2 protein chains.
Amino acid sequence: MTTATPRRSFREQMLDVRQEAILQATSQLLCQKTFAAMTMDDVADAVGIAKASLYKHFSSKDDLCCAAVVQMLAQVRAYLEALEPEAAPLDKLRAVVGWSLERLLAQEIPEWPGSHSPLRTMLREHQDCLSEWGPVSQCLEQWITAAQQQGALDAALPPRVVLHILYARACDPAVGFLQDAGQYDDTEIVQLVLRTCFDGLAAR
Amino acid sequence: MTTATPRRSFREQMLDVRQEAILQATSQLLCQKTFAAMTMDDVADAVGIAKASLYKHFSSKDDLCCAAVVQMLAQVRAYLEALEPEAAPLDKLRAVVGWSLERLLAQEIPEWPGSHSPLRTMLREHQDCLSEWGPVSQCLEQWITAAQQQGALDAALPPRVVLHILYARACDPAVGFLQDAGQYDDTEIVQLVLRTCFDGLAAR
DNA sequence: GTCTATATGACGATAGAC
DNA sequence: GTCTATCGTCATATAGAC
């Protein structure tokens with residue numbers, strides 16, 4: 001299944017390792033700071049190399065952060081594909097949102113591009129980055145439609161709307177508010193957000 | 001009821017007008033840009049005065065944005081107090097969230113302080129700013145409890161949790177996503193977010 | 001390719017004339 | 001109090017030695 005990868009020289013492998021380290025440091029920093037607040041000095045210090053060396057791997061800050069986001073999207077795709085294909089679509093949707101929230105709380109996932117965030121406007125311009133979203137959205141939308149046909153999701157809502165709501169829940173500001181309140185641990189927060197997302201606030 | 005305000009000289013009134021213009025421009029800019037992305041030059045240009053003049057009114061960027069947020073909170077309080085006292089608590093809660101979303105869509109309300117936003121950490125340090133939140137939260141929490149007692153809201157959820165969820169919905173990233181999708185007008189977006197917030201995504 | 005050192009530009013804040 | 005002009009600082013990005 002996997003295409004044969006040509007053997008790489010030691011030198012090239014070293015570069016790959018370093019590149020990977022840079023990406024990981026970037027992802028981690030993007031969890032703690034905003035895209036605007038994160039500096040190239042931060043990244044260089046975290047990796048332990050000179051700032052100038054960064055620019056041998058990535059031509060700009062935008063480029064670097066784009067690559068970090070693409071890497072995150074790849075992880076999402078991997079998670080989607082690893083889910084039990086036979087499971088109920090609704091359960092898979094809950095699982096994905098829950099997984100995202102857990103990683104958000106653990107600061108293992110970069111800032112999701114919110115409404116007017118500079119990261120979002122930056123991503124707009126890099127099309128290779130945007131194109132990674134397609135397969136993810138397509139997969140989720142299929143599950144949404146299936147769940148609606150099974151009567152597990154409100155069929156009156158357009159699938160695209162549900163998709164956007166789920167994206168929003170995957171980076172829900174409520175998580176930060178509940179975390180700051182300090183009354184709940186991470187697991188409880190995930191459960192609360194999932195519950196209010198799918199069941200709503202109203203008495204049933 | 002109102003305390004007698006001493007008469008102000010023309011000069012003082014001019015200053016007040018200018019101060020108000022600065023605050024309004026700041027609020028408007030904070031709708032379009034992040035706190036970090038908004039510059040004092042932006043504000044000065046929008047008002048049509050020199051940047052140095054800003055510092056005669058507000059001692060720093062933090063100070064200015066704090067004042068803008070306080071002004072926004074005052075508007076929220078005014079809206080809360082203007083709501084029909086006899087109305088059902090649940091309806092009042094829906095109304096407040098809907099009002100916030102409408103103003104968010106119209107870009108008439110500053111960026112709400114999200115999870116790790118620099119604005120949020122900035123507000124932490126200015127206590128006069130934070131103290132404005134108290135009355136708003138107190139009022140909302142009373143309505144939440146009342147709605148739960150009437151069986152209109154899920155009584156199994158702690159009121160504080162409902163409060164934080166509502167705050168999150170009032171600045172829901174879903175609004176931006178749906179707006180970018182371009183398929184729905186503002187009124188529809190508000191209705192969709194309100195519906196999925198209170199009723200959830202699951203079929204009832 | 002990696003480093004030190006620096007160019008370039010943006011932003012917050014201030015000085016000083018009027 | 002308002003302006004023009006400028007300082008100090010920090011961040012992106014680059015130059016040039018090794």
Side-chain angles (χ1 to χ4, degrees), chain A residues 8-26 28-30 32-69 111 116-119 121-123 125-126, chain B residues 8-26 29-30 32-69 110-111 116-119 121-123 125-126:
Chain A
R8 313 212 56 173
S9 70
F10 273 140
R11 191 170 200 86
E12 286 173 323
Q13 287 183 28
M14 288 298 289
L15 277 183
D16 286 353
V17 169
R18 187 170 286 235
Q19 182 130 337
E20 187 54 37
I22 294 173
L23 279 177
Q24 183 154 3
T26 305
Q28 208 160 348
L29 282 167
L30 279 180
Q32 300 156 10
K33 311 188 173 199
T34 319
F35 165 70
M38 190 201 77
T39 73
M40 295 298 263
D41 291 276
D42 289 337
V43 180
D45 289 353
V47 181
I49 62 175
K51 181 166 56 170
S53 303
L54 286 182
Y55 286 89
K56 298 291 178 180
H57 292 265
F58 301 95
S59 65
S60 71
K61 184 184 177 183
D62 282 16
D63 225 51
L64 171 59
C65 292
C66 246
V69 172
E111 160 199 33
H116 290 99
S117 109
L119 181 60
T121 65
M122 186 269 284
L123 289 178
E125 293 156 9
H126 293 246
Chain B
R8 313 212 55 173
S9 69
F10 272 139
R11 190 171 199 85
E12 286 174 323
Q13 287 183 30
M14 288 298 290
L15 277 183
D16 287 353
V17 168
R18 186 171 286 235
Q19 182 129 336
E20 187 54 36
I22 294 173
L23 279 177
Q24 185 155 0
T26 305
L29 283 167
L30 279 180
Q32 300 156 11
K33 310 189 174 198
T34 319
F35 164 70
M38 189 201 78
T39 73
M40 294 299 263
D41 290 276
D42 289 336
V43 180
D45 288 352
V47 181
I49 62 175
K51 180 166 57 170
S53 304
L54 286 181
Y55 286 90
K56 298 291 178 181
H57 292 265
F58 301 94
S59 64
S60 71
K61 185 184 178 184
D62 281 16
D63 225 51
L64 170 59
C65 292
C66 246
V69 172
E111 160 200 32
H116 290 100
S117 108
L119 180 61
T121 65
M122 186 270 283
L123 289 178
E125 293 156 9
H126 293 247

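No experiment lies behind these values; they were computed from the predicted model shown. In the text below, chain A, chain B and the rest are named by the order of the sequence lines, each starting its count at 1.
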> Hey, does the side chain of B/Lys33 reach the backbone of B/Thr39 with a donor-acceptor pair shorter than 3.5 angstrom?
Replying inline: no
> Is the backbone N or O of A/Glu12 less than 3.5 Å from a side-chain atom of A/Ser9, with the two atoms forming a donor-acceptor pair by type?
Replying inline: yes
[atom1] of [X] versus [atom2] of [N]: gap in Å, rounded?
X: A/Tyr55; N: C/dC3; atom1: OH; atom2: P; result: 15 Å
X: A/Phe35; N: D/dT12; atom1: CZ; atom2: P; result: 9 Å
X: B/Asp45; N: C/dG12; atom1: CG; atom2: P; result: 12 Å
X: A/Lys51; N: D/dT12; atom1: NZ; atom2: C1'; result: 6 Å
X: A/Gln19; N: C/dG1; atom1: CD; atom2: C1'; result: 13 Å
X: A/His57; N: D/dT14; atom1: NE2; atom2: C1'; result: 16 Å
X: A/Lys33; N: D/dC10; atom1: NZ; atom2: C1'; result: 13 Å
X: B/Leu64; N: C/dA13; atom1: CG; atom2: P; result: 10 Å

Side chain of [X] only, heavy atoms from C-beta on: which candidate in [options] is closest?
X: B/Ala50; options: D/dT4, C/dT4, C/dG12; value: D/dT4
X: A/Arg11; options: D/dA13, C/dC3, C/dG1; value: C/dG1
X: A/Thr39; options: D/dA11, D/dT2, D/dA13; value: D/dA11

>> Between A/Ala37 and A/Lys56, which residue's closest nucleotide on DNA chain D lies nearer the 5′ terminus?
In response: A/Ala37
> Relative to the 5' end of DNA chain D, which residue comes earlier, B/Ala52 or B/Leu15, by the nucleotide with the nearest heavy atom?
Replying inline: B/Leu15
> Below 4.5 Å, heavy atoms only, C-beta onward: do B/His126 and B/Asp63 meet side chain to side chain?
Replying inline: yes
>> Tell me whether the side-chain N/O atoms of A/Arg18 come closer than 4.0 Å to OP1 or OP2 in C/dG1.
In response: no
> Side-chain N or O of A/Ser53 less than 4.0 angstrom from OP1 or OP2 on C/dG1?
Replying inline: no
> Which atoms form the tightest heavy-atom contact between B/Ala21 and B/Val47, and what is the distance?
Replying inline: O-CG2, 4.0 Å
>> For a quick check of understanding: with a heavy-atom distance under 4.0 Å over all strands, which category does B/Met38 fall into, base, sugar-phosphate or nothing?
In response: sugar-phosphate
>> As an exercise, state the distance from CG of B/Leu29 to CG of B/Leu64, rounded to the nearest 0.5 Å.
In response: 9.5 Å
